[in-house]
Amino acid sequence: MSKNIEGKVVVITGASSGLGESTARHLASLGASVVLAARREDRLNAIVQDITAAGGKATALAADVTRREDLENLIQHAVASFGRVDVMINNAGLMAISPIAELRVDEWDRMIDINIKGVMYGIAAALPVFQKQDSGHFINISSVAGIKVFSPGGSVYSGTKYAVRAISDGLRHEVGKSIRTTTIEPGAVDSELKFGSGHEASSQAVQEFYKSAIPAESVARAIAFAIEQPADVDINEIVLRPTSQDF
Ligand code: NDP
């Protein structure tokens, strides 16, 4: 258990695998009440069962972050289940790597919809609750690709992750009086993300690059660190990557 995490209500998008799943499990083990969201409901339910069986508090709701009403329902579900929302983790994401000249415009659209608009809809849903409570914490998942352009192949993905960083910092500036905002920028982390590209050559290169990936728990621990700080301390950004990764 952790003093500043125990009892907090934490909503996590993209919680059916990877960083989101790992973060849900870790925070629940530290005493948080976790609300999991993603599209694959069966996976969410299995994770909730595990957490509950281990004595933790968890609930799940199927949600597609590209649909604003799903995020509104998710926050309402969290409030109905646990009475409030302390932390909103905008984590759901897609990494579809391919050279721009391949013009995989459908994948660009999906990344923009999930990685940028999904984060915005999460902010729009949780912010009124945070303002009413006069407290809350946004944790938005950007990437090292949001600090340096991952090119060739990752230009659009990088664009979405730069956007997350920009929006997060602006959000912190605009609403920061009693609401905390943290941006997490991980390097290669082992998850299903590396399978997001439909472009064969890029997909092979990504999977090679991910051989040095670190476990998703590394990010879960960084997120816990940001949450457990006292209310007057806002950890603005955390960059973490495999020791051996230069990019
Ligand atoms: P995963 O592919 O394992 O997880 C992505 C999660 O997002 C899944 O739970 C997926 O669930 C969910 N998701 C995807 N699309 C939607 C949607 N439309 N609506 C709701 N949920 C959706 O990858 P990671 O855990 O690695 O990725 C999590 C975040 O971390 C992403 O934002 C990613 O960009 C970021 N990141 C990851 C890094 C890495 O190396 N792994 C490095 C830097 C950043 P479902 O399919 O069930 O909806």
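Quick note: numbers below take in every heavy atom, side chains included, and nothing from hydrogens, waters or symmetry partners. It should be emphasised that the depicted structure is a prediction, and the values quoted were computed from it without experimental measurement. All ligand and atom numbering here is 1-based and tracks the order in the structure.
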Among Val119, Val87, Ile89, Ile179, which one satisfies side-chain contact (heavy atoms from CB on, under 4.5 Å) with Phe138? Ile179
Answer with yes or no whether the side chains of Asn140 and Thr183 bring together a donor and an acceptor at under 3.5 Å. no
Is ligand 1 less than 4.0 angstrom away from at least one heavy atom of Lys161? yes
Please identify which atoms of ligand 1 are closer than 4.0 Å to at least one heavy atom of Ala188. 40 (O)
Pick whichever of Ser191, Gly196, Gly18 has a heavy atom sitting closest to atom 23 (O) of ligand 1. Ser191
How long is the gap from CD on Glu21 to CD on Glu217, to the nearest 0.5 Å? 9.0 Å
Examine ligand 1 and decide if any of its atoms is less than 4.0 Å from a heavy atom belonging to Phe195. no
Looking only at side chains, do Ser2 and Glu6 share a donor and an acceptor under 3.5 Å apart? no
Any atom of ligand 1 sitting under 4.0 Å from a heavy atom of Leu94? no
Partners meeting salt bridge (charged side-chain N to carboxylate O under 4.0 Å, His left out) with Glu102 (sequence neighbours left out): none
Considering distance alone, does some N or O of Asp190 sit under 3.5 Å from an N or O of ligand 1? no
Pairing donors with acceptors under 3.5 angstrom, does anything connect the side chains of Arg40 and Ser16? yes
Would you mind finding which of Ile141, Ile47, Asp64 brings a heavy atom closest to atom 18 (N) of ligand 1? Asp64
Heavy-atom distances under 4.0 Å decide this one: backbone, side chain, both or neither, for Ile114 against ligand 1? side chain
Please say which of Arg165, Lys161, Lys148 ends up in a salt bridge (charged side-chain N to carboxylate O under 4.0 Å, His left out) with Glu185. Arg165
Give me the residue, atom name and distance of the protein heavy atom closest to atom 43 (C) of ligand 1. Pro186 O, 3.2 Å
Might you confirm whether atom CZ of Arg43 has over 12 heavy atoms from other residues, nucleotides or ligands at distances under 6.0 Å? yes
Any N or O of Gly20 closer than 3.5 Å to N or O of ligand 1: no
Specify side chain, backbone, both or neither for Ser16, according to which of its non-hydrogen atoms lie closer than 4.0 Å to ligand 1. both
Counting only heavy atoms not in Glu192, do more than 12 fall under 6.0 Å of its CD? yes
among protein heavy atoms, the one nearest atom 14 (C) of ligand 1 is Arg39 NH2, 3.4 Å
Considering distance alone, does some N or O of Leu193 sit under 3.5 Å from an N or O of ligand 1? yes
To check your reading of the model: name the closest protein heavy atom to atom 5 (C) of ligand 1, its residue, and the distance in Å. Gly93 O, 3.8 Å
Specify the protein heavy atom at minimum distance from atom 12 (C) of ligand 1: its residue, its atom name, and the distance to 0.1 Å. Gly14 CA, 3.5 Å
Taking non-hydrogen atoms only, is Ala213 closer than 4.0 angstrom to ligand 1 via side chain, backbone, both or neither? neither
Nearest protein heavy atom with distance in Å, relative to atom 36 (N) of ligand 1: Tyr157 OH, 3.9 Å
Of all heavy-atom pairs between Ser135 and Arg84, which one has the smallest distance, and what is that distance? OG-NH2, 3.4 Å
Heavy atom of Thr13, distance to ligand 1 below 4.0 Å: no
Minimum-distance protein heavy atom relative to atom 41 (N) of ligand 1: Val189 O, 2.9 Å
What is the nearest protein non-hydrogen atom to atom 28 (C) of ligand 1, stated with its residue, atom name and distance? Asn91 OD1, 3.1 Å
If you count the atoms of ligand 1 from 1 in the order shown, which ones are under 4.0 Å from a heavy atom of Ala15? 9 (O)
Where does Ala37 meet ligand 1, judged by heavy-atom distances below 4.0 Å: at the side chain, the backbone, both, or neither? neither
Return yes or no for this condition: an N or O of Leu19 is under 3.5 Å from an N or O of ligand 1. yes
SB check Arg110 Asp113 (cutoff 4.0 Å): no
Distance flag, aromatic centroids of Phe247 and Phe150, threshold under 6.0 Å: yes
Could you tell me whether Arg25 and Asp50 make a salt bridge, using a distance below 4.0 angstrom between a side-chain N and a carboxylate O? yes
Just need the protein heavy atom nearest to atom 8 (C) of ligand 1, so name the residue and atom and give the distance. Ser17 OG, 3.4 Å
For ligand 1 and Ser143, I'd like to know whether there is a polar contact (N/O to N/O, distance under 3.5 Å). no
By side chain to side chain donor-acceptor pair (under 3.5 Å), Lys194 pairs with (sequence neighbours left out) Asp190
Heavy-atom pairs closer than 4.0 Å: do any link ligand 1 to the side chain of Ser142, the backbone, both, or neither? backbone
Check the side chains of Gln204 and Glu200 for a donor-acceptor pair under 3.5 angstrom, ignoring hydrogens and angles. yes
In ligand 1, which numbered atoms sit nearer than 4.0 Å to a non-hydrogen atom of Ala63? 19 (N), 20 (C)
Is the closest side-chain heavy-atom distance between Leu27 and Lys8 below 4.5 Å? no
